[in-house]
Amino acid sequence: MQPIEESFFHMDTLQLAQHLLGQFVVHELPQGTLIGRIVETEAYLGECDRAAHSFNNRRSKRTEIMFHEPGHVYSYTMHTHTLINVVSGPVGVPHAVLIRAVEPVAGLELMRKNRGSSMKETHLTNGPGKLTEALQITNEYYGHHWTKKPLYIARNERVEQIETSPRIGIKNSGEAARYPWRFFEKDNRFVSPYRP
DNA sequence: CGGGTGATAGACT
DNA sequence: GTCTATCACCCGG
């Protein structure tokens, strides 16, 4: 398993959010290699998107990485959970794609250990906070690049049937709350539960 | 020290 | 599936 080429990340953000579906997230650890296949993403288009942390090109210590080259890791903490993003857009354009769910591919035993032994398989990685816990992804990877080991994206076949919906958890973002910028694989049981 | 940042587990129906 | 109580850190002032 090898990291994807850097040029992969140089595409329109809404395209990238869809092309990421099917790709592998790989985390190589001493205890084993954890792999998840991306089945759900959301695009955040900074300058024109009230739901984005970088709305209006808001630049802070936290959003800074989104102004850098695409392919960097943007992570942030939501109370007890870490959420993980892929920086998108050219330098100076603060876009990102949130990875909302993956399908467990390898390292299931370790994932179960990370998530609690009684956790059902479908609940292992079917949410943005769940998958970071299962794959042991922490804020230490803020500013890392997704082409570098030990945490990287590896190429796999793209998904064939992509569905869209409004994004989740942003209902106070006015008009932006209705943009259909959530993408997921049709009928995949590891997609997070939809909350209308 | 206040504001900003939504997801999760578990109980219930 | 739906409901709801609970969860913590970083930052700027």
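All chains are named by letter (A, B, ...) in the order of the sequence lines, taking the proteins before the strands, and each is independently numbered beginning at 1.
The CZ-C1' distance, from A:R62 to C:dA8, rounds to 14 Å in whole Å. The distance between atom CZ of A:R182 and atom C1' of B:dA7, rounded to the nearest whole Å, is 14 Å. Computed from coordinates, the A:E42 CD to B:dG6 P distance equals 10 Å when rounded to whole Å. As rounded to whole Å, 18 Å separates atom P of B:dT5 from atom CD1 of A:I168. Look at CE on A:M119: it is 10 Å from C1' on B:dG10, rounded to the nearest Å. As a whole-Å value, the separation of A:H81 NE2 from B:dA7 P is 9 Å. Going from atom CZ of A:R58 over to atom P of B:dG3 covers 15 Å, rounded to whole Å. Distance A:I137 CD1 to B:dA7 C1': 16 Å, rounded to the nearest Å.
Between A:Y76 and B:dG6 there is a side-chain N or O to OP1 or OP2 distance below 4.0 Å. Residue A:R100 has a polar side-chain atom (N or O) positioned under 4.0 Å from OP1 or OP2 of B:dA7.
Using a 3.5 Å distance cut-off with no hydrogens or angles, the side chains of A:T77 and A:N139 do pair a donor with an acceptor. Donor-acceptor pairing under 3.5 Å is lacking for the side chains of A:T82 and A:T132.
Ranking C:dA8, B:dA7, B:dT5 by closeness to the A:H53 side chain, first place goes to B:dT5. Side chain of A:P128, nearest nucleotide from C:dC7, B:dT8, B:dT5: B:dT8. Nearest to the side chain of A:K130, among B:dA7, C:dC7, B:dA9, sits B:dA9. In this structure, the nucleotide among C:dC11, B:dT5, B:dA9 sitting nearest to the side chain of A:R115 is B:dA9.
For A:Y74 and A:H95, the ring centers are positioned 6.0 Å apart or more.
Within a 6.0 Å sphere centred on CD of A:E160, heavy atoms belonging to other residues, nucleotides or ligands number 12 at most.
The line from CZ of A:R112 to CG of A:L110 is 11.0 Å long, rounded to the nearest 0.5 Å.
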